[in-house]
Amino acid sequence: GAGSCGRGCGWRGGRHCGWEARGVVALALGGGVVCLMAMFLSDRSTCSVAAAVVLGTTRVSASILTGSAGQRSLGQWGVAGCGGLVGIRSYAVLGLPFWLAFLVAVVVGGIAAALVGLPALRLQGVNLAVVTLAFAVTCTSWLFQQDWIKPGQNLSLPTYMSTNVQ
């Protein structure tokens, strides 16, 4: 029978299943391919793919907000930096296994996003841009300069990478 989307696809979520369902499938497949690529690529190529994924993810978060809501947020790099710095510190200083440190980075990035996003929910337009820009500037000029968040100079690569990538 026809779903609630009105197009007969069987989707019962209240919206048409078009791009949302395809996006979830593409994201899952793409994530799996990227994880498998790390096993077969050289260290330099793995580093390049990882950088592309981080850049792409951050850009997608900006374009979804801009395209869907017509709003502009300027704090994506502050959120990514919070997760990244805590993740590398978890790996290099605390000695957590790489994938556990990666999960810590994701959780911390999510918490940072929630701390900025929840108070900013009612803001629109220029006010939203100013608040998120203030977060990004605070991160880069103060937070990321603190000794307690910096991982130090003696970083070792995860065990699946055998050489120093420069």
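From a predicted model like this one, the values you see are computed outputs, not experimental measurements.
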Considering non-hydrogen atoms only, spot the tightest contact between [X] and [Y] and give its length.
X      : Y      : value
Phe144 : Leu85  : CD2-CD1, 3.3 Å
Val79  : Gly109 : CG1-O, 3.2 Å
Cys82  : Ala112 : CB-CB, 4.1 Å

Worksheet item: Would you say Leu115 and Val86 are hydrophobically clustered, going by side-chain heavy atoms of ILVMFWY under 4.5 Å?
Response: no
Worksheet item: Any chain of hydrophobic side-chain contacts (each under 4.5 Å) joining Leu133 to Trp142?
Response: no
Are [X] and [Y] close enough that some pair of their side-chain heavy atoms sits under 4.5 Å apart?
X      : Y      : answer
Thr138 : Leu143 : no
Trp77  : Cys139 : no
Ser90  : Leu100 : no

Partner residues of [X] under the side-chain contact (heavy atoms from CB on, under 4.5 Å) criterion, sequence neighbours left out:
X      : value
Gln145 : Lys150
Val116 : Thr132, Phe135
Leu123 : Ala120, Asn127, Leu128, Val131
Leu103 : none

Discussion item. Going by the rule side-chain hydrogen bond (donor to acceptor under 3.5 Å, both in side chains), which residues pair with Ser45 if we only count those two or more places apart in sequence or in a different chain?
Written reply: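 side-chain hydrogen bond (donor to acceptor under 3.5 Å, both in side chains) list for Ser45, sorted by chain: Ser42.
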Worksheet item: Restricting to pairs with a member in residues 102-133, which pass ring pair (Phe, Tyr, Trp, His ring centres under 6.0 Å), not counting sequence neighbours?
Response: Trp99-Phe102
